[in-house]
Amino acid sequence: MDMDMDKAWRPQEVEQRMYREWEAAGLFTADPKSRRPKFSVVMPPPNVTGELHLGHATNDTVQDIYVRYKRLRGYEVLWLPGTDHAAIATQNVLEKRLAAEGRTKEQLGRAGFEKVVEEWYAQVGARIVDQLKRLGYIADWSRLRFTMDDAYVRAVREAFVRLYDDGLIYRGPRIVNWCPRCQSSISDLEVDWREHMDTLYYIRYDMADGDGALTVATVRPETMLADTGVAVNPDDERYRRFVGRMARLPIVGRELPVVADAYVKQDFGTGALKVTPGHDPNDYEIGQRHGLEILTCIDKAGNIVSDEWVPDELRTRDAPTARDRVVEMLRDREHLVRTEPYAHEVGHCDRCGEVIEPLIDEQWWCAMPELRDPAVKVVEDGRVEFVPRRYTKVYLDWMAGLRDWNVSRQLWLGHRIPIYYCDNAAGHDGAGVHAWASVDEPEACPVCGKVKTRQDPDVLDTWFSSALWPFATMGWPAPSEDLDAFFPTAMLGTAREIIFLWVARMIMTSLRFMGDIPFSTVLINAVIQDRHGQRMSKSKGNGVDPLEMIDKYGADAVRAWAAEVALRGQDVRFDEAKIEGYKNFANKIWNASRLVLGAAEGVVTRPAAELAAAGALTPFDRWILSRLDALIDEVTGALDGWDPGTAIEAIRRFAWDEFADWYLEAAKPAFHAEDAADPARVASSSVAVHVVRSLVVMLNPFTPFISEAVWQRLDAGGEPLIARRAESPWPVSLGLRDEGLETEMTVLFDAVKAVREAAGGLRSSRRQDLGMAVRRVAALPGQELLESDFGRAALARLAGVQPAESVDAAATVVVSGLEVRLSAPVAAGEGGGAGQTDRTGMERQLEQTKAKIVALEARLANDDFVAKARPEVVQQARDDLQTARDRLVILEEAFTSA
RNA sequence: GGUCGGCUAGCUCAGUUGGUUAGAGCGCUCGGUUCACAUCCGAGAGGUCAGGGGUUCAAGUCCCUUGCCGACCACCA
């Protein structure tokens with residue numbers, strides 16, 4: 001064994017070297033030909049817009065934990081990594097960078113911009129991969145994918161063409177969310193709603209026949225230029241006489257029909273609504289219902305354009321705004337009735353923050369019902385499960401209200417839409433134009449044979465390509481070994497804000513193209529917030545770089561923290577102290593291992609089960625093996641139940657509180673036996689090695705570096721734990737669980753603590769002079785061990801006092817029906833003696849015991865309790881009362897005699 | 001507006017089907033130079049479980065309600 005172990009575990013010096021060794025040994029590469037059961041995960045591709053933050057780290061760590069766990073349990077594992085081109089987001093980032101240099105993408109031109117993009121992808125993509133490696137992830141880098149890889153681009157085209165040919169993708173004019181800055185449409189999901197304080201304007205529309213007038217309320221008076229109707233509620237008595245007549249639009253003079261539509265709320269504003277189908281989604285729908293004309297008065301730059309009224313090209317948002325001009329004109333003509341302040345939500349582009357202009361535009365749409373229905377069913381049927389469970393409802397509710405998906409974007413960056421037109425006519429899919437979808441670059445028009453063709457200028461929504469991630473990364477649409485072996489995947493770890501943008505769409509496309517679910521479990525990670533409860537984000541500048549934490553505490557510590565918090569189901573405030581705690585824990589493991597390895601040096605260890613069967617073990621040995629069995633069950637159960645937080649906490653508690661603090665302390669005399677063949681040394685070091693071995697295997701998914709470092713020293717073969725493929729190294733319960741023994745040991749430990757406390761006022765050198773005698777005063781369960789010679793000796797040693805047959809009590813403690821007496825110190829004096837500290841301790845014991853008796857007596861005096869509670873609960877209360885009374889008797893006796 | 005989540009020790013959080021005296025880590029106080037570890041060891045203080053009401057022999061846990069905080073969804077101009 002390698003005894004060259006520093007006193008402290010220094011992750012910074014070791015982790016990167018270890019990782020490079022694993023990678024060089026090709027340990028992460030999945031084998032589709034393997035006969036082992038398969039476990040596969042696709043890594044959510046991070047956007048290539050910047051570095052990763054702690055949110056990614058927690059999410060990906062959970063995946064690595066499961067990938068490692070399954071691998072240790074004998075599965076052939078594929079964890080497929082990759083990155084996403086993130087069309088609109090990346091284009092925004094790059095445009096901002098260019099702007100900072102005083103340049104624009106237009107100056108560079110398409111080709112020049114593309115070069116900038118490629119450099120960016122190469123540079124940032126590499127940095128992201130480096131971060132992932134620093135975290136110790138055993139992703140299969142040989143299969144690294146990027147959504148702009150040639151093969152992936154082809155898969156995206158294939159998917160589009162199939163949907164188009166099946167009639168699910170169509171082009172048409174509809175009202176869209178237009179971002180005037182990005183110069184692109186965006187989907188409903190990419191609209192970020194923010195509260196604005198605006199003004200609500202009340203405007204009088206006179207009736208065309210001169211008989212009366214309607215007053216409408218609006219926050220966007222400038223859109224009145226494109227009004228094509230006025231709507232009122234059909235049940236509204238006030239306006240009944242106006243319905244079917246014509247109103248006259250102020251300023252412009254156009255006549256507008258007054259229609260009755262249930263959408264209109266009678267109690268909002270005046271109960272009359274100006275209808276602008278060209279610039280408001282709701283008005284658009286009202287217009288559709290009543291056959292209203294659609295007019296446009298705002299162009300794609302956000303400027304007012306109107307046939308009737310053309311102010312000098314004015315952006316609607318800049319001062320003096322078109323809105324102000326319109327209001328001014330209304331006021332001049334005495335059509336402005338009044339104004340009032342008004343708070344409401346306004347849509348912004350979630351990438352650049354610009355206010356969204358709803359307007360009518362030709363776009364590509366993906367019809368949802370046919371894709372949605374099967375995707376609803378697999379979740380309802382439980383074939384796809386969300387963890388935490390409550391997200392099932394979130395998913396289903398959203399799916400129920402799905403509208404067609406706008407999949408086209410007017411960007412420079414992204415997957416070009418694989419639609420081609422022959423040159424017979426201009427325009428899109430209109431009359432006389434041949435349009436078709438094609439995976440390959442077409443040589444000629446399939447209809448008329450014209451050779452000259454051109455491709456649609458639009459690109460696809462980023463999420464259209466991400467939607468194919470689970471299978472397009474494995475080679476789809478071509479058949480592949482990977483698809484056969486690793487699809488569908490087992491689980492998806494992701495963030496809750498992309499359940500709709502991404503998760504739902506993967507389920508839909510997967511069912512459509514693969515005929516199967518993409519994954520069976522969706523793990524929704526907690527959102528990582530800063531100390532003040534603000535979500536970490538790049539724009540807020542409150543993000544924490546995982547590398548900074550790794551540099552300070554090591555990747556193991558960051559990972560263990562992530563495991564603890566990621567799947568709690570609750571958002572977490574970042575608490576650096578927790579990471580530091582796990583760094584200390586890694587050090588604890590390191591040092592416990594040093595002790596155990598030192599003890600086992602030169603010892604021919606034997607299997608723990610064999611020693612147990614041979615009766616060669618002390619109660620301490622049997623106790624820790626019993627606890628280990630319990631731990632294995634707990635950790636395995638927690639991991640299988642998607643609760644890594646419970647698993648890592650259980651390991652930590654066992655390793656620190658039970659194994660290190662009690663077992664190793666108790667085993668030290670055996671460890672220190674000179675003779676390597678000493679039976680006690682052989683037994684205890686065999687048990688300790690067994691425990692350490694089990695621990696580091698269970699720790700491997702969480703803290704792989706410290707785990708492998710210790711494993712190397714346990715296993716001279718030098719093969720990394722994760723490379724163990726012949727048999728599963730995951731520990732199994734030895735069947736040595738003995739809860740009776742655990743109870744007895746608890747009594748012993750309580751006694752040790754009590755004696756330590758009673759002798760607490762003494763310096764340790766004095767404590768060694770104290771004599772200690774144990775006397776039985778009542779028979780209670782669990783005290784047998786403590787009464788035995790072994791128990792007395794163990795108690796004396798762990799408490800640091802001398803065993804004796806009997807002593808004159810200077811201090812007495814009571815534990816489970818046993819009275820433990822401590823003699824007066826040889827020279828009681830300065831600093832107080834045992835008697836002094838004992839009194840306060842005993843007073844506290846007395847108080848607590850009396851309180852407990854009172855409470856239990858009251859409980860048992862309640863007839864309802866005795867009659868209605870479950871019998872075992874009542875019996876328990878009776879037992880407890882008896883115990884407390886026995887204890888009180890002893891305590892009072894000791895107290896008066898002390 | 002709708003839906004969902006949260007409110008437990010100074011801080012960050014656990015708390016399974018209701019059942020002894022509600023836990024952990026960090027922080028705090030006191031005490032520790034023994035050969036695994038001061039990144040440590042031992043002991044301790046600290047909570048009317050957001051407020052109110054109800055169900056029950058018994059409520060942090062179940063129900064109602066109020067108040068904050070947060071997330072998501074949403075077509076009220």
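Proteins get letters first, then strands, A, B, ... in listed order; numbering begins at 1 in each. Remember, predicted model here, so these are calculated numbers, not experimental data.
Across A:Pro221 and A:Val326, no two heavy atoms sit closer than the pair O-CG1, 3.8 Å. Nearest heavy atom pair, residue A:Pro277 against residue A:Ala226, reads CD-O, 4.3 Å.
Considering only side-chain N and O atoms, A:His344 lies nowhere under 4.0 angstrom from the phosphate OP1 or OP2 of B:A74. A:Arg653 has no side-chain polar atom (N or O) that falls below the 4.0 Å cut-off from OP1 or OP2 of B:G23. Phosphate contact (OP1/OP2 of B:C37, side-chain N/O of A:Lys7, threshold under 4.0 Å): present. Within the structure, a side-chain polar atom (N or O) of A:Lys868 is placed less than 4.0 Å from OP1 or OP2 of B:C57.
For A:Lys265 and A:Tyr263, the positive end sits near the middle of the six-membered ring, less than 6.0 Å away and at most 45° from its axis.
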Compile the donor-acceptor pairs under 3.5 Å between side chains in residues 565-574 of chain A and protein atoms, sequence neighbours left out, one pair per line.
from	atom 1	to	atom 2	distance (Å)
A:Arg568	NE	A:Glu564	O	3.3
A:Arg568	NH2	A:Glu649	OE1	3.0
A:Arg568	NH2	A:Glu649	OE2	3.2
A:Asp571	OD1	A:Arg496	NH2	2.5
A:Asp571	OD1	A:Val527	N	3.2
A:Asp571	OD2	A:Arg496	NH2	3.3

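Here the two rings, on A:Tyr582 and A:Trp561, have centers that are 6.0 Å apart or farther.
Partner assigned to B:C75 is none, using Watson-Crick or G-U wobble distances below 3.5 angstrom. The partner of B:C40, taking Watson-Crick or G-U wobble pairs whose two distances both stay under 3.5 Å, is B:G32. In this entry B:G60 has no Watson-Crick or G-U wobble partner, no candidate having both defining distances under 3.5 Å. Base pairing analysis places B:C13 opposite B:G23; the two distances defining the Watson-Crick or G-U wobble pair are each below 3.5 Å. When both pairing distances are held under 3.5 Å, B:G18 makes no Watson-Crick or G-U pair with any nucleotide shown.
The aromatic rings of A:Phe671 and A:Tyr663 stand perpendicular to each other, their planes meeting at an angle above 60°, with 30° marking the opposite boundary. Ring orientation note: the planes of A:Phe585 and A:Trp656 are close to parallel, at an angle under 30° on the 30°/60° scale.
Contacts of A:Gly554 with the nucleic acid, taken as non-hydrogen atoms under 4.0 Å apart, are absent. Among the atoms of the strands shown, none is found under 4.0 Å from any heavy atom of A:Phe585. Residue contacts shown for A:Asp880 include a base, since a base heavy atom lies under 4.0 Å away.
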Which pairs, protein N/O on one side and nucleotides 59-63 of chain B N/O on the other, fall under 3.5 Å?
none

Interface polar pairs with nucleotides 8-13 of chain B, N/O, under 3.5 angstrom:
from	atom 1	to	atom 2	distance (Å)
B:C13	OP1	A:Arg573	N	2.6

Between N or O atoms, less than 3.5 Å apart, protein on one side and nucleotides 26-30 of chain B on the other: list the pairs.
none

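Only the P atoms considered, B:C13 is 29 Å distant from B:A74, to the nearest whole Å. B:U8 and B:G46: their C1' atoms are spaced 13 Å apart (whole Å). With both ends at atom P, the span from B:G1 to B:C76 equals 12 Å, rounded to whole Å. A gap of 27 Å separates the C1' atoms of B:A71 and B:A24, to the nearest Å. Here the separation of B:C11 from B:C57, taken at their P atoms, is 37 Å to the nearest Å.
Atom CG in A:Asn233 sits roughly 16 Å away from atom P in B:C76 (whole-Å rounding).
Closest to the side chain of A:Asn282, from the set B:G19, B:A77, B:C75, is B:C75.
For A:Phe268, the ring-ring contact (aromatic ring centres under 6.0 Å, His included) test picks out A:Tyr342, with sequence neighbours left out.
Contact check of residues 660-668 of chain A against RNA chain B (heavy atom, cut-off under 4.0 Å) returns A:Ala660, A:Asp661, A:Glu665, A:Lys668.
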